[in-house]
Amino acid sequence: MAKSKTKAGGWGALISSFHFLKRESFLKGNKTLFRMNQPRGFDCPGCAWPDPKDASVTEFCENGVKALTYETTSKRATPEFFARHQVSEMRAWDDFTLENTGRLTHPMAYHAETDRYEPIGWDEAFTRIAGHLRSLASPDEAIFYTSGRTSNEAAFLYQLLGRLYGTNNFPDCSNMCHESSGVGMRESLATGKGTVSLEDFGKADAIFIFGQNPGTNHPRMLTELEKASRRGARIVSFNPLREAGLLNFTHPQNAADMIFGRSTPISTHYYQPRIGGDLAAVRAMTKAVLERAESDPALLDRAFIACHTHGFEEYRRMVRETSWDLLVDQCGLTRKQIEEAAEVYCRADRVICCWAMGLTQHRHGVANVQEIVNLLLLRGNIGRPGAGPCPVRGHSNVQGDRTVGITEEPDEAFLVRLEKEFGFPAPRRHGYATVAAIKAMAAGRARFFLGMGGNFASATPDSKLTWEALQRCDMTVHVSTHLNRSHVVHGKAALILPCLGRSEADLQAAGRQSVTVEDSMSMVHASTGTNRPASEHLKSEPAIVAGIGRKLFPGGPVDWEALVADYDRIRERIEAVIPGFEDYNARIRQPGGFQLRNPAAHREWKTANGRANFVVNPLPDLTVAPGRLRLMTLRSHNQYNTTIYDSGDRYRGITGERRVIFLHPTDMQERGLTAKSSVTIRSHAGDRRERLASGFRPVPYDLPRGCAAAYYPETNVLVGIDEVAVKSLTPMSKYIEVTLEVEG
Ligand SMILES: Nc1nc2c(c(=O)[nH]1)N[C@H]1C(S)=C(S)[C@@H](COP(=O)(O)OP(=O)(O)OC[C@H]3O[C@@H](n4cnc5c(=O)[nH]c(N)nc54)[C@H](O)[C@@H]3O)O[C@H]1N2
Ligand SMILES: Nc1nc2c(c(=O)[nH]1)N[C@H]1C(S)=C(S)[C@@H](COP(=O)(O)OP(=O)(O)OC[C@H]3O[C@@H](n4cnc5c(=O)[nH]c(N)nc54)[C@H](O)[C@@H]3O)O[C@H]1N2
Ligand SMILES: [Mo]
């Protein structure tokens, strides 16, 4: 078995942090790190975990250090670099090599004759973009993608640009991420966001964590879990893998614990369901709760159910009619384990349920989320201190981007306010989400792609098809900080527009600007970069949008120049269009910012029936043909999505490689595989197209039989384009049916 770690943090985290600080030539005496997540500093460009009110000067984590050193690296991808390498050559490089060339320094345009990117002036770049957009037969032939690092200010201007132009084609990374949470919770509770805040973690008696690996992806969450564990709260993890960060934690900034090698146990209970088994597992828990309540009626919050909810009787009937055998068989846990988890749930007065990609990226991702809400509703665990649903977001401003209008399905009230504020007719037809955008480009129905951050080519499913789709476009444009796959798999014309990173000073006509972001718990706060920009030719994201806007709509209803001169003006317009941003400019100047009000957190239900809904969903069909495995694709400890910081995965005992597939030892034996074999993974999507990924080394691991895991984005070639979640259309990155073929 791979020697996975049983604890996170500690010296390993500290040593690794220093390694990255050194590797990226983080300057001596550089104070940048101490401005991260501070009231007057900038927000960590890593995850969306909130900053505590009393942030210590070292409110960062190992992976935050990686995210920051990645941005502040001394390496540069200059015009001289691009002159040395043809694009067809770079296309053969892996993702690490591409990004490791460092920060982009100049706007670059692709030249087909030389197969090279060559420098282009900003003005000329904006003119070309406007020219291409004008040449399209319909505004719906253009696609405006957003990744979740984009600030509120940039995102608001960006959606304004696209809607002025006439389309709602705003796919974003959220379509591949927490869309199932948003869709599920909106139907149940009329909010797409979690209802808990950081203080609630200090009050919960039990915290359930489904399908999330906080040790790697939200390391600062471990601080809250550590505190909760120390005061005796129960922490219950549901994860097919035993993840180090969910087992034990040593805070690298706690000197005594570091010196004496002490760690705090995190999970009091650890259950390893089969991949995709969570709906059955949670339903089995609600079945156990409902059965207990027959002899102990006080177990249910009957007053809450009666006054605040709808659909309880129907839900109870459905659960009663679902057999234990079916539930136990589908989730792969024993009835005893389920009863135990239900016991923890019933004994706790205040319960928080957290989740991330292990729940959302399934065909039944929306149902997974709704079942967790059903569980919470049974005992009134929402809208009171220490309790509630907590989808833990990914990108640092993915939630804010949605709040300020990045969505392919805008609601009517928003469009009406936008029209009134800016005096133009906004388009009504819903746009493409990510998967629809790929299909539209592949079919030639969309011919222009603009990416505001992110790495569309690597992050999306069905890589081969996605690459063909991008290459069919007349023009692809990327606003980026680093070279990535999306720049080398490009349209007939292609531009790279280099932008400032979060840690860099953003100087505009009115002086240094701050942007704002919204974290996982709806806190909106300012982020002010202070570093010298990586190159004098960089522009901020808002300035780039404004540059395009000026060329595309000269004399139009928006004074782009004035808005970008002083971001307070952008915030004034956000305030006018989006409810909840009253006194925006004043409130972000208070330390810590302000929290957007979530009615569901106050037991105000804005659903059509005015109640919180128990939603009944059928169990999915999770049978796989004999010999097949269920493969989940996940993140190593050394990557940020498609950005690979380094090979290896310390917590899972992997060094120096990424093309590994984690398997149950018996599954390996049955296939005659050893840790020295090399296998090709073949996926079996519904459309029966051939999808292969080769050169993977099997690694024996502690996970259930029939389950397998490998890293993203190397395995995105295996995700079929039509393998998406019901209702949210999120690609099923955690459930790919595969077989293995021995190579050589
Ligand atoms: N350092 C770092 N931080 C990050 C990111 C990063 O790449 N690097 N990415 C950011 C982004 S955009 C996001 S969305 C988040 C992602 O944060 P996570 O959701 O934690 O990321 P994944 O690596 O996809 O891990 C999913 C977890 O779900 C488990 N899992 C998989 N399938 C199932 C299942 O069927 N049931 C259950 N119960 N568990 C399952 C896996 O074993 C794994 O522990 O992190 C954010 N933060
Ligand atoms: N198989 C599989 N696929 C997945 C997932 C999975 O678990 N499995 N997870 C999905 C999830 S949860 C997500 S969120 C998506 C992520 O999808 P994306 O958000 O599209 O991808 P990232 O890898 O985060 O984007 C990295 C690029 O962003 C650029 N960048 C970095 N910082 C900045 C900045 O400040 N400004 C700008 N303009 N650009 C910047 C850099 O050029 C870098 O190359 O991937 C999804 N794809
Ligand atoms: Mo994400």
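Atoms within each ligand, like the ligands themselves, are counted from 1 in listed order. Remember, it's a predicted structure, so these values are computed and weren't measured experimentally.
- Of the options Asp95, Val398, Thr633, the smallest heavy-atom separation from atom 8 (N) of ligand 2 is shown by Thr633.
- Residue-ligand proximity, His395 to ligand 1, at heavy-atom distances under 4.0 Å covers atoms 12 (S).
- Of all protein heavy atoms, the one lying nearest to atom 17 (O) of ligand 2 is Ala459 CB, 3.2 Å.
- Between Cys499 and ligand 2 there is a heavy-atom distance shorter than 4.0 Å.
- Listed by atom number, the atoms of ligand 1 under 4.0 Å from Phe238 heavy atoms are 37 (C), 38 (N).
- For ligand 2, the atoms sitting less than 4.0 Å from at least one non-hydrogen atom of Lys734 are 7 (O), numbered in the order shown with element in parentheses.
- Listed by number with element, the atoms of ligand 1 under 4.0 Å from a non-hydrogen atom of Thr216 are 1 (N), 2 (C), 3 (N).
- Scanning all protein heavy atoms for the shortest distance to atom 38 (N) of ligand 1 gives Asp278 OD2, 2.7 Å.
- Contact annotation: the side chain of Tyr735 approaches that of Arg630 to within less than 4.5 Å [non-hydrogen atoms, C-beta and beyond].
- Each of the atoms 15 (C), 17 (O), 45 (O), 46 (C) of ligand 1 lies under 4.0 Å from some heavy atom of His218.
- Close approach to Asn484 involves these atoms of ligand 2, each under 4.0 Å from a residue heavy atom: 27 (C), 42 (O), 43 (C), 44 (O).
- Of the protein's non-hydrogen atoms, the one nearest atom 10 (C) of ligand 1 is Tyr640 OH, 3.5 Å.
- Within the 3.5 Å criterion, the main-chain N or O of Pro620 finds a donor-acceptor partner in the side chain of Gln330.
- Closest protein heavy atom to atom 25 (O) of ligand 2: Gly454 CA, 3.2 Å.
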Verdict with reasoning, Ile544 to Glu541, per side chain to side chain contact (heavy atoms under 4.5 Å, CB included): CA-CA 5 Å; Ile544 292 172; Glu541 291 179 353; 5.5 Å; no
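- Scanning the protein heavy atoms around atom 44 (O) of ligand 1, the nearest turns out to be Glu243 OE2, 2.5 Å.
- When only non-hydrogen protein atoms are considered, atom 42 (O) of ligand 2 lies nearest to His482 O, 3.0 Å.
- Less than 4.0 angstrom separates some heavy atom of Met357 from each of these atoms of ligand 2: 12 (S).
- With ring centers used as reference points, Tyr70 lies 6.0 Å or more from Tyr640.
- Considering Arg658, Arg659, Arg485 in turn, Arg658 is the only one that fulfils the salt bridge (Lys or Arg N to Asp or Glu O under 4.0 Å) rule with Glu714.
- For atom 43 (C) of ligand 2, the closest non-hydrogen atom on the protein side is Tyr70 OH, 3.4 Å.
- Heavy-atom proximity to Gly453, at under 4.0 Å, picks out these atoms of ligand 2: 37 (C), 38 (N), 39 (N).
- Each of the following atoms of ligand 2 lies closer than 4.0 Å to a heavy atom of Ser480: 39 (N), 42 (O).
- The option from Met632, Arg630, Gln639 that lies nearest to atom 31 (C) of ligand 1, judged by heavy atoms, is Met632.
- Using a 4.0 Å cut-off to heavy atoms of Gly276, the atoms of ligand 1 that qualify are 34 (C), 35 (O).
- The contact set between ligand 1 and Leu634, taken as ligand atoms under 4.0 Å from a residue heavy atom, comprises 23 (O), 41 (C), 42 (O), 43 (C).
- The protein heavy atom nearest to atom 4 (C) of ligand 2 is Tyr712 CE1, 3.1 Å.
- Taking atom 23 (O) of ligand 2 as the reference point, the nearest protein heavy-atom neighbour is Thr642 OG1, 2.5 Å.
- Ligand 2 has a nitrogen or oxygen under 3.5 angstrom from a nitrogen or oxygen of Val479.
- Remark: side-chain polar atoms of Arg274 are paired, donor with acceptor, to backbone N or O of Asp329 under 3.5 angstrom.
- The shortest contact between atom 20 (O) of ligand 2 and any protein heavy atom is with Tyr145 OH, 2.6 Å.
- The distance from ligand 2 to the heavy atoms of Ser147 drops below 4.0 Å at these ligand atoms: 18 (P), 19 (O).
- Shortest contact from atom 35 (O) of ligand 2 to any protein heavy atom: Arg149 CD, 3.9 Å.
- Taking any N or O of Arg274, backbone or side chain, none lies under 3.5 Å from an N or O belonging to ligand 1.
- Residue contact check: Ile275 has heavy atoms under 4.0 Å from atoms 35 (O) of ligand 1.
- Using a 4.0 Å cut-off between heavy atoms, His362 contacts ligand 1 through its side chain alone, with no backbone atom that close.
- Aromatic ring orientation, Phe208 versus Phe238: parallel (interplanar angle below 30°, classes split at 30° and 60°).
- Remark: ligand 2 atoms within the under-4.0 Å shell around heavy atoms of Glu99 are 43 (C), 44 (O).
- Close approach to Cys177 involves these atoms of ligand 1, each under 4.0 Å from a residue heavy atom: 14 (S).
- The backbone N or O of Asn239 sits nowhere less than 3.5 Å from a side-chain atom of Arg242 that would complete a donor-acceptor pair.
- In terms of polar-atom proximity, Arg635 is counted as a contact of ligand 1, with an N or O under 3.5 Å from an N or O of the ligand.
- Closest to atom 12 (S) of ligand 1 among all protein heavy atoms lies Asn641 ND2, 3.3 Å.
- Residue contacts with ligand 2 include Thr481, since one of its heavy atoms falls under 4.0 Å from the ligand.
- In terms of protein heavy atoms, atom 21 (O) of ligand 1 is closest to Asn217 ND2, 2.9 Å.
- Residue-level proximity to ligand 2 for Tyr711 is absent, since no heavy atom of it falls below 4.0 angstrom.
- In this structure, atom 33 (C) of ligand 1 lies nearest to the protein heavy atom Gly358 O, 3.5 Å.
- From Tyr270, atom OH reaches atom CG of Leu247 across 5.5 Å, with rounding to the nearest 0.5 Å.
- Interface atoms of ligand 2 facing Glu541, defined by a heavy-atom separation under 4.0 Å, are 34 (C), 36 (N), 37 (C), 38 (N).
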